[in-house]
Amino acid sequence: MSATTAIFDLFGTLVAAPSRSDRAAAVHALSAVTESSTAAVDAYLDESWMTRHDGSLPDVDSLVDDLMKHLCSSASPSRVAAMWRSLATPRVVPDRSVSALLTDLRANGIRIGLISDASAEIAEAWLPGRLAQEVNHAVFSCTSGALKPSAVLYREALERLDARPEEALYVGDGGGDELRGAQEVGMTPVRVARRGGANTLAYGVGPMWDGLTLSSVEEISPERLVRLGEHPLATVHAGSGRPVYR
């Protein structure tokens, strides 16, 4: 069966995963605007990963409030919110080659979806961004109240795209054990090398993957989707221990 739908991961797939220098720059910017130490901000980002992404803090205002309470900061909430938004905007800007890929897929009648473990500032930055114009429907963990590999996210994306699992390709770098999650709802998962490089930050990387793997997301094409039925569903080896969020 050929695929009529392609659902993509965001970070590490359509846009680069954050580097350690990106993380350091964000820590310094938030430290300055909250008048707090970089160590305190860095610790907060580490400790709050789950709550910033699982729906506990679904909008920027709640995100800012949580940060300031944690830091005991008396800085201006509006200034902190503006800073957090300014950090998010460039993170959702795709390379031209990725935009060209999505345009080509849509021109060939492929429905495009996105599933991302994302915090509120990313979900907000998405809407005015270029990628939002090229993706039919996006599902973000912070607004859906679930994290990969929860079936909730995949089923929501499929429902919004009016697609059956067997018609859909899921493409991601493997963060959040996303490939297994896609496979378990009946989609065909494809791993791509992490955009930004192997040394970028990844969250909840799943077990070793021996299924269909491509060197970049740009290798996806309408022709490859037509031939999807030639590829068996990928398999996942059992891993040891739960994913580590860092």
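Predicted model only: the values in this text are computed from it and were never measured.
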Could you give the distance from [atom1] ([X]) to [atom2] ([Y]), rounded to the nearest 0.5 Å?
X      : Y      : atom1 : atom2 : answer
Thr34  : Leu71  : OG1   : CG    : 5.0 Å
His137 : Leu158 : NE2   : CG    : 11.5 Å
Tyr170 : Ile7   : OH    : CD1   : 8.5 Å
Ser78  : Met83  : OG    : CE    : 12.0 Å

Taking [X] for the side chain and [Y] for the main chain, is one N or O donor matched with an acceptor at less than 3.5 Å?
X      : Y      : result
Ser48  : Thr51  : no
Ser36  : Ala32  : no
Glu124 : Ala120 : no
Thr89  : Ser86  : no
Arg106 : Leu101 : no
Thr5   : Ala163 : no
Asn108 : Asp104 : yes
Ser119 : Glu121 : no
Glu167 : Arg164 : yes
Arg111 : Leu161 : yes

*Could you please spell out the steps behind the side-chain contact (heavy atoms from CB on, under 4.5 Å) verdict for Ile115 and Phe140?*
CA-CA 6 Å; Ile115 299 174; Phe140 295 104; over 6 Å; no
_Assess, by modelled atom type and distance only, whether the side chains of Ser144 and Glu156 contain a donor and an acceptor separated by less than 3.5 Å._
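Glu156 and Ser144 do have a side-chain donor-acceptor pair below 3.5 Å.
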Under 4.5 Å between any side-chain heavy atoms of [X] and [Y], yes or no?
X     : Y      : answer
Arg52 : Leu45  : yes
Ser97 : Glu218 : yes
Val15 : Leu131 : yes

*Those residues that, when tested against Ser19, pass side chain to side chain donor-acceptor pair (under 3.5 Å) (two or more places apart)*: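 Counting only residues at least two positions away or on another chain, Ser19 forms a side chain to side chain donor-acceptor pair (under 3.5 Å) with Ser21, Asp22.
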Can you name the residues that form a side chain to side chain contact (heavy atoms under 4.5 Å, CB included) with [X], not counting sequence neighbours?
X      : answer
Pro77  : Val64, Met68
Leu214 : Val190, Val192, Glu219, Ile220, Arg224
Asp59  : Asp61, Ser62

*Should the pair Arg91 and Phe11 be classed as cation-pi, given the thresholds of under 6.0 Å to the six-membered ring centre and 45° from the axis?*
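The answer is yes, since Arg91 meets both limits relative to Phe11.
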What is the minimum heavy-atom distance between [X] and [Y], and which atoms define it?
X      : Y      : result
Ile112 : Val135 : O-CG1, 3.6 Å
Ala17  : Arg194 : CB-CD, 3.9 Å
Trp126 : Ala132 : O-CB, 3.2 Å
Val171 : Leu169 : CG2-CD2, 3.8 Å
Ser141 : Leu153 : CA-CD2, 4.2 Å
Pro189 : Ala182 : CB-CB, 4.4 Å

*Is there a side-chain hydrogen bond (donor to acceptor under 3.5 Å, both in side chains) between Glu134 and Ser99 once you walk through the steps?*
CA-CA 7 Å; Glu134 298 163 341; Ser99 290; 3.3 Å; yes
_Using the ring-ring contact (aromatic ring centres under 6.0 Å, His included) criterion, which residues pair with Phe8? Sequence neighbours excluded._
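In terms of ring-ring contact (aromatic ring centres under 6.0 Å, His included), with neighbours along the sequence ignored, Phe8 is linked to no residue.
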Going hydrophobic residue to hydrophobic residue with side-chain gaps under 4.5 angstrom, can you get from [X] over to [Y]?
X      : Y      : answer
Trp209 : Val185 : yes
Leu57  : Ile122 : no
Leu87  : Leu127 : no
Leu201 : Met50  : yes
Leu147 : Val152 : no

*Show your working on side-chain contact (heavy atoms from CB on, under 4.5 Å) between Leu67 and Val80 and close with a plain yes or no.*
CA-CA 9 Å; Leu67 170 68; Val80 176; 3.9 Å; yes
*Residues Arg180, Glu184; criterion salt bridge (Lys or Arg N to Asp or Glu O under 4.0 Å); working and verdict*: CA-CA 6 Å; Arg180 178 177 63 85; Glu184 288 185 350; 3.0 Å; yes
_Salt bridge Asp46-Arg23, side-chain N to carboxylate O under 4.0 Å_ =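 Counted as a salt bridge, because a side-chain N and a carboxylate O are separated by less than 4.0 Å.
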*asked:* Name the residue from Asp173, Asp54, Asp9 that meets the salt bridge (Lys or Arg N to Asp or Glu O under 4.0 Å) definition with Lys148.
replied: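 So, applying the salt bridge (Lys or Arg N to Asp or Glu O under 4.0 Å) to Lys148 and each of Asp173, Asp54, Asp9, only Asp9 qualifies.
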*Identified side chain to side chain donor-acceptor pair (under 3.5 Å) partner of Arg195 from the options Asp95, Thr200, Thr13*: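 Result for side chain to side chain donor-acceptor pair (under 3.5 Å) with Arg195: Asp95.
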*Is the count of non-hydrogen atoms from other residues, nucleotides or ligands lying under 6.0 Å from Arg155 atom CZ greater than 12?*
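No - once you tally the heavy atoms of other residues, nucleotides and ligands closer than 6.0 Å, there are 12 at most.
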*Using a cut-off of 6.0 Å, state whether more than 12 heavy atoms not belonging to Arg79 lie near its atom CZ.*
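Open: at most 12 neighbouring heavy atoms sit under 6.0 Å from CZ of Arg79.
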*Mind jotting down which residue pairs meet the ring pair (Phe, Tyr, Trp, His ring centres under 6.0 Å) criterion with at least one end in residues 50-74? Sequence neighbours excluded, please.*
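Matches after skipping sequence neighbours: Tyr44-His70, Trp49-His53.
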